[in-house]
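Take a look at the structure below.
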Amino acid sequence: MSRYNFKSVETKWQNYWEKNKSFKAKINPSKKKFYCLEMFPYPSGKIHMGHVRNYTIGDVLARYKSLQGYNVLHPMGWDSFGMPAENAAKQNNLDPKKWTEENILNMKTQLKKLGLSIDWEREISTCNKDYYKHQQAFFLELYKKKLVYRKENYVNWDPVDETVLANEQVINGKGWRSGAVVERKKLSQWFFNISKFSQKLLDGLEKLDNWPNKVKTMQKNWIGKSFGCEIDFKIEGNLPVKNIKCFTTRPDTLFGFSFLALSVDHEVSKYFEDNKDFLIFKEECSKTGTTEEAIAVGEKIGFKTNLLAVNPLNPKQKVPVYFANFVLMDYGFGAVFGCPAHDQRDFDFAKKYDLEIKTVVRPHDKDEKFRVDKEAYPGPGILINSNILNGLRAPENSILETIKILEKKKIGKKQINFRLKDWGVSRQRYWGCPIPIAYDENGKPYPIPRSMLPVELPENIDLNVKGNPLDNQNNWREVTINGKKLLRETDTLDTFVCSSWYYLRFCSPNETEYGFKKDDIDYWMPVDQYIGGVEHAILHLLYSRFFMQALSHDNDNFNILEPFDGLFTQGMVCHETYKDPDDNWLSPDEIENIDGKKYLKRDKTKAVLVGPSESMSKSKKNTVDPENIIADYGADSARLFILSDSPPAKDVQWSEEGIISSFKFIQKLWKLNEKILKEINKGHKQDFDNEISKFTNKYLKKVHDNLENFSYNKIIANLYEMYSFLNKQIEKAYTKPTLVENYQKILVAMTPILPHFANECLSLIEAKNLSWPKYDVSMLKEEAIKIVIQINGKKRGLVQSKPNINEEKLFEIIKNDEKIKKYLIQKNIKKKIYIKDKLLNIII
RNA sequence: GGGCGAAUGGCGGAACUGGUAGACGCGCACGACUCAAAAUCGUGUUUCGCAAGAAGUGAGAGUUCGAUUCUCUCUUCGCCCACCA
C-alpha cells in the first residue's frame, strides 16, 4: 500500500492543465456557454480563507458545467486600485504600482496551487492602463450622455490628514487613521446620475429570479421608493420668501400641522448667513457628522426663524418655521412639515420646543376623545379633528383623497420619491483611475479627447504630502487641448467604478479600441453565475447594474440591462478565538492541545481561554494562512474541508480537526482506489449482483441534485457514503467492465470537488472521453420498500414490502405483526390513512 | 426605530412539495492491533430508563389522521439600513 502523495500529484496536474491550456475559453457558437464568475480579489498580498472558499465554490461549478458540455468562461483578475496600496507605499516608501504588482504575482501563485480551472490568459488588473484607459472612455461616454455631472456636496473631511473619508472610515465620528474629529466639508465632486435609473433598477429586480431574495430586498430598501405628495406652503414674514415646498407621505395628517422644519442648507438659509446665532447653530449641526448612527439617536435641535407657514387646508392656522438638524437636504425638498401627533421624530421636536400636538387620527379601537400623549401614533385609524377630512380611513383612502383635494386646489400634487442618491465618484487619492477632465482658468471643465487617452497616472512621485499627492504634480497637471492651456482634474475615480464593468472586460481582455468587443459580449454575457460575499449586496451589485443601464442608455448597440443572471452569496470563514491569561489575542499556531485542553505553546502551564468562533480577522488573530494549509495537507484537502462543514451560503467554522479529517479521508479514498484497481485486475468472470450499479445511479442523482442547489456540503456527505459502500461491497467480486464503468462515473462526479485526486485516479484506470455521467432513472427504483406503520399518528412499526402494495393487502400483513398486534386488540379501527408505499396510519 | 432571516444532540449540520427526526462529519466512549503510544480498523453515541417504554426540533397556542416543515403570539440571536419626511 502506497501513501497518496498529494504534492507530486497536485503539481503534476496543475502543470498538465497549464501546458494543455485546459481552461482556455474560446467562442464556439455551436456550444452553449456558461459564464462563471467570482468576485475578483483586492491584491492585498496573500490569499485568505475567504478567497479559498469563494473560489472553490466557483471552481466546483465551473468544472461541473464544463463536464456537462458547456463552453465555460471562468476568468480571474485584480481589483488593484485602492487605498491599501497607497497607505502601504506611504509607510514603507514604496511605489504603489510595484507593491501591487508584487502582490498580484504572489497571490496568483497561491491561487494556482488551489487547482482552480481558470483561464489565466484573460487575467486583467484594473490599475493597468490598458484597463483604465477604457474606463476613462466610458466616463466620457457617460459625460456625453449627461449621466455624469459636477456638484458641491458634503464629504467627511479629516482635518489632520487633509483628506476625504469614506463613511466606513469614520469611526465614532473620528478619522480611522488620525483620530481627529471628522468635519463636514463642502467639495465640488463628480457624480454619476444613478438616481435617474431608480425606477428601472427597481423594476429590474423583479426579473432576477436567480438572485437571493435577501439581496433583492436590500437593494429595494436602498432604492427606497416612497409614495406621497408635494405640498406648497405659503410663507409669511419679513423675508422675500413666498413659498416652501415639502414632500410628505402623510398629507392626510395636514390638520395636525404644527411646525415646518428646514435643512440648514435649504435655500432659505441664505438670508441667515449674517446671523451669528444661526451660524453657531449650523456649526452645532455639522458636528454630528454625516452618517453616524448617533444622528438617529441624537437629540433633535432647531433654530426658530420669524417666518410663519400657512396651513393650506386651514389658512387661519399659521405655524413657526425652524431650521432643524434632522432634516436632510438631499431627500425630498430639504423641508418637512411637522405633525407631532403621528410621527415620533416630530413629536420629540415638538416636546422640546413646546409646540402644539394635535391628534388627527384615532385608532380603530378608540373613540373621538383619543389624544396622543406619551408617544406619537403613526398607525392606522380614522381621521378626526380634520374638518373636511374627518371620517376618512387612514391610510387606506385618506392619503389619496387628501392628494385629490390638494391637486384640485393646486397647492400640491402626487409625488414619488426615491431614497437612492447619486453616486459620488471623486476621491482625493493618488492610487486610482484619473478622471479624464481638465479645467480652464475659470474652472470650466473640458473632457480629454479620446485620442489622448489614457490619462496615465504619474509614477514615482512623492506620496508623503498632505492631501492628494496629484495636486503637487504641476507638470502632469498641465495639458493643452485644442491650443488651450488647461489643468487636469486631480481627483481619481472611486474603485467601485473599476469593478462595475470588469466582467465585460473578461469577454474581450485584449481589445484595444474599446472596453469590449460586441461579438464577445453578445456571446458570453450575461454572467450566468456570480459568486461572492453578501457585503457587496448593495453597492457593488447596484453600481454594476447601473453601469449596464448607463451604457445602454441612448444606445441601440448595447442592450444588456442586467449583468448577473444568477447570484450566490457565500458565508464567511470563522475560527475560534483565543486569549492568553493576560487578555491578549492568540493566533491558532501559538496554541497546543494537551488532553483535549488548550495551552500556550511557549508556556505549557498556562491554559488558553477559548472564545466563540468569529469571522477570521487579523485583529483577533484567528486567521489561518491558506498557504500553510495547502503545503501541509494539499489543495484537495483544503477544498474538501471548506465545502464539507456548512452549506456554502452560511458561515463555516475552520478547525484543525476538520482539515485533518479531510486529509485522512483522501488517504482513505486512495486506499480504496488501490483496492479497486486490484479487484479490476482479478478479472472476475461474473458480477456478484447489480447492487453496485444501482448504488452508482442513486449516488449520481444525489450528487447531481446537490450540485444544482449549491448544497455542496451534502455532496461531501454523499462522498463518505460512497466510500463506505464501495469499501464493503467491492470485495463481493464484479467483472472488470462493471467495475470500470461504475468507478469511472463516480470519479468523474468527484472531479469538481477533488480535481487533482480524481484526475489521477481516472488516469490510472485509463479513462477517456470524460463527460458528466448521467444517471439511469430506471435503475433508481427500489425492489423492496419500507412502509411506516402508525397508530394514531405515532410510529409503531416498519414493514418491508414490494412496491405498489394496496391497503388491504398491507393491513392483512400487519394485523398479525407481533409489534402492531398488541395495539389493535379489542380496539375499533375508526379510520385508516394510507399513503402508497410510504405510510399507513391507523386511527383507533 | 425600520427591514430581512435564523433557532434541530456535546459541536457543524441532514430531513425534496406536511409522512421513519438526527443522514454525513467532528468530538467522546469502548474494543482490536501494539511492550506502549501514535496511526489504523471495528462498535456505540438525542435525553430519561436495567428494560418494556416515555419525552423530544427556542417557548406557547392553532390547523391536521400526522407538523422540524403551514398559521398566530412571544423569546433569543444574526445581518442590513438608519432622523427618508
Side-chain angles (χ1 to χ4, degrees), chain A residues 1 212-222 224-226 228-229 231 246-251 253 260-261 263 288 291-300 324-328 330-339 343-346 348-349 378 417-421 534-535 537-538 571-572 574 596 613 640-641 644-647 650-653 655-658 660-662 664-665 667-668 671 702 705 709 711 713-724 727 786-798 830-835 838-844:
Chain A
M1 288 261 177
N213 285 329
K214 181 175 60 174
V215 175
K216 285 192 276 187
T217 25
M218 273 158 92
Q219 292 216 353
K220 208 172 153 187
N221 293 340
W222 187 260
K225 183 177 182 172
S226 56
C229 165
I231 302 178
C246 292
F247 173 75
T248 178
T249 53
R250 291 297 302 272
T253 61
L260 199 143
S263 158
T288 30
T291 59
E292 287 306 298
E293 181 199 333
I295 302 173
V297 195
E299 202 183 350
K300 287 145 189 62
N325 64 340
F326 59 83
V327 186
L328 306 169
D330 46 12
Y331 185 82
F333 298 98
V336 294
F337 106 76
C339 174
D343 181 293
Q344 191 56 40
R345 183 201 52 203
D346 295 349
D348 296 342
F349 191 78
N417 230 322
F418 292 95
R419 208 189 75 107
L420 183 63
K421 292 166 195 161
V534 217
E535 64 272 21
I538 298 171
M572 289 180 297
C574 301
S613 188
L640 185 66
F641 178 54
S644 70
D645 250 25
S646 294
K650 284 223 232 164
D651 288 355
V652 66
Q653 287 181 48
S655 70
E656 179 87 4
E657 293 86 359
I660 289 173
S661 96
S662 291
K664 285 180 184 170
F665 182 59
Q667 294 293 344
K668 283 180 170 187
K671 280 188 195 162
K702 281 191 215 167
D705 292 351
N709 298 321
S711 299
N713 55 323
K714 289 190 241 165
I715 298 177
I716 313 301
N718 300 148
L719 262 179
Y720 277 97
E721 285 166 348
M722 181 277 293
Y723 169 81
S724 29
N727 201 33
K786 285 173 185 166
I787 297 171
V788 179
I789 309 300
Q790 293 185 338
I791 312 272
N792 289 341
K794 265 194 183 299
K795 180 188 159 197
R796 293 299 181 192
L798 211 52
K830 288 183 194 148
K831 199 173 162 189
K832 287 192 287 244
I833 292 144
Y834 180 51
I835 312 292
K838 259 192 178 165
L839 164 146
L840 178 70
N841 191 2
I842 301 163
I843 314 302
I844 48 177

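Here is how names work: the chains are called A, B, and so on, in the same order as the sequence lines, proteins then strands, and each is numbered from 1. Worth saying up front: this structure is predicted, and the values here are computed from it rather than measured.
Closest to the side chain of A/Arg345, from the set B/A85, B/U20, B/C26, is B/A85. Nearest to the side chain of A/Tyr720, among B/A82, B/U20, B/G25, sits B/G25. In the set B/A85, B/C83, B/C16, the nucleotide with an atom closest to the side chain of A/Asn325 is B/C83. Closest to the side chain of A/Leu328, out of B/C26, B/A85, B/C81, is B/A85. Set against B/C84, B/C65, B/A21, the side chain of A/Lys795 has B/A21 as its closest nucleotide. Distances were taken from every side-chain heavy atom of A/Ser661 (C-beta onward) to each of B/A82, B/U20, B/G25; the shortest belongs to B/G25. For A/Arg419, whose side chain is taken as the heavy atoms from C-beta onward, the closest listed nucleotide among B/C65, B/G27, B/A82 is B/A82. Of the candidates B/C83, B/C65, B/A23, B/A23 carries the atom nearest the A/Ala717 side chain, counting heavy atoms from C-beta on. Among the nucleotides B/G19, B/A82, B/A39, the one closest to any side-chain atom of A/Trp222 is B/A82.
Counting any heavy atom pair closer than 4.0 Å across all strands shown, A/Ile835 reaches a base atom.
Looking at residues two or more places apart in sequence or on another chain, you find a side-chain contact (heavy atoms from CB on, under 4.5 Å) between A/Pro212 and A/Val215, A/Leu567, A/Thr569. For A/Asp705, the side chain to side chain donor-acceptor pair (under 3.5 Å) partners at least two apart in sequence or on another chain are A/Lys701. Checked against side chain to side chain donor-acceptor pair (under 3.5 Å), A/Lys214 has no partners two or more places apart in sequence or in another chain. Not counting sequence neighbours, the partners of A/Lys702 by the salt bridge (Lys or Arg N to Asp or Glu O under 4.0 Å) test are A/Glu721. Looking at residues two or more places apart in sequence or on another chain, you find a side-chain contact (heavy atoms from CB on, under 4.5 Å) between A/Ile791 and A/Arg796, A/Ile820, A/Tyr823, A/Leu824, A/Ile842, A/Ile844. Every residue was checked against the side chain to side chain donor-acceptor pair (under 3.5 Å) condition with A/Ser724, not counting sequence neighbours, and none meets it. A/Thr248 pairs by the side-chain contact (heavy atoms from CB on, under 4.5 Å) definition with A/Ile231, A/Arg250, A/Pro251, A/Phe337, not counting sequence neighbours. Every residue meeting the salt bridge (Lys or Arg N to Asp or Glu O under 4.0 Å) condition with A/Asp343, not counting sequence neighbours, appears here in chain and number order: A/Arg345.
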Identify each atom pair where a protein N or O and an N or O of nucleotides 76-80 of chain B are less than 3.5 Å apart, giving names and distance.
none

Can you check nucleotides 51-54 of chain B for protein contacts, nitrogen or oxygen pairs under 3.5 Å, and list what you find?
from	atom 1	to	atom 2	distance (Å)
B/G53	OP1	A/Lys822	NZ	3.1
B/A54	OP2	A/Arg796	NH1	3.3

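Atom pair A/Leu840:CG and B/G66:C1' shows a separation of 12 Å (rounding to whole Å applied). Between the CD1 atom of A/Ile660 and the P atom of B/G27 there is a distance of 9 Å, rounded to whole Å. The separation between A/Ile833 atom CD1 and B/U20 atom P is 15 Å, rounded to whole Å. Taking atom CG of residue A/Asp705 and atom P of nucleotide B/C16, one finds them 13 Å apart after rounding to whole Å. Counting to the nearest Å, the P atom of B/G2 and the OH atom of A/Tyr331 are 17 Å from each other. As rounded to whole Å, 24 Å separates atom P of B/G2 from atom NZ of A/Lys225. The separation between A/Lys702 atom NZ and B/C24 atom P is 9 Å, rounded to whole Å. For A/Asn213 and B/A6, the CG to C1' distance is 15 Å, given to the nearest whole Å.
To the nearest whole angstrom, the two P atoms, one in B/U20 and one in B/U69, are 14 Å apart. Across the C1' atoms, B/A54 and B/U34 are found 44 Å apart, a figure rounded to whole Å. B/C74 and B/G3 are spaced 13 Å apart, taking the P atom of each and rounding to whole Å. Taking atom P on both nucleotides, B/G10 is separated from B/U47 by 7 Å, rounded to a whole Å. Between B/A51 and B/U45, the two P atoms lie 12 Å apart (nearest whole Å). Between B/G49 and B/A67, the two P atoms lie 27 Å apart (nearest whole Å). With both ends at atom C1', the span from B/C48 to B/A61 equals 27 Å, rounded to whole Å. When the P atom is compared between B/G60 and B/G53, the two are found 26 Å apart, to the nearest whole Å.
You won't find any donor-acceptor pair under 3.5 Å spanning the side chain of A/Arg250 and the base of B/A85, going by distance alone.
Residues A/Tyr720 and A/Ser644 are not in side-chain contact: their nearest non-hydrogen atoms beyond the backbone lie 4.5 Å or more apart. For the pair A/Gln219/A/Thr217, no side-chain contact is recorded, criterion being any heavy-atom separation below 4.5 Å from C-beta on.
Positionally, the nearest nucleotide of RNA chain B for A/Lys786 lies more toward the 5' end than for the other of A/Glu721 and A/Lys786. With the nearest nucleotide of RNA chain B identified for both A/Lys421 and A/Leu839, A/Leu839 has the one nearer the 5' end.
In this model, no donor atom of one side chain and acceptor atom of the other lie less than 3.5 Å apart for A/Tyr331 and A/Ser263.
Panel note: side chain A/Asp346, backbone A/Cys339; a donor-acceptor pair is recorded below 3.5 Å.
Within 6.0 Å of NZ in A/Lys216 there are more than 12 heavy atoms belonging to other residues, nucleotides or ligands.
Under the 90° criterion around 0 for the glycosidic angle, B/G9 counts as syn.
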- Message: Could you walk me through whether A/Phe247 and A/Thr249 satisfy the side-chain contact (heavy atoms from CB on, under 4.5 Å) test, starting with their C-alpha distance in whole Å, then the side-chain angles of each, then the deciding distance to 0.1 Å, before giving a yes or no?
- Response: CA-CA 7 Å; A/Phe247 173 75; A/Thr249 53; 4.0 Å; yes
- When every nucleotide of nucleotides 7-15 of chain B is labelled 5' to 3' by its protein contacts under 4.0 Å (heavy atoms), B for base, S for sugar-phosphate only, - for none, what sequence of letters results? -----SSSS
- Message: Taking Watson-Crick (N1-N3 plus N6-O4 or O6-N4) and G-U wobble (N1-O2, O6-N3), each under 3.5 Å, can you produce the dot-bracket string of RNA chain B? Use [ ] for crossing pairs and | for inter-strand ones.
- Response: (((((((..(((......[....)))((((((.......))))))(((....)))..(((((..]....))))))))))))....
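Residue A/Lys664 places at least one side-chain N or O under 4.0 Å from the OP1 or OP2 atom of B/U40.
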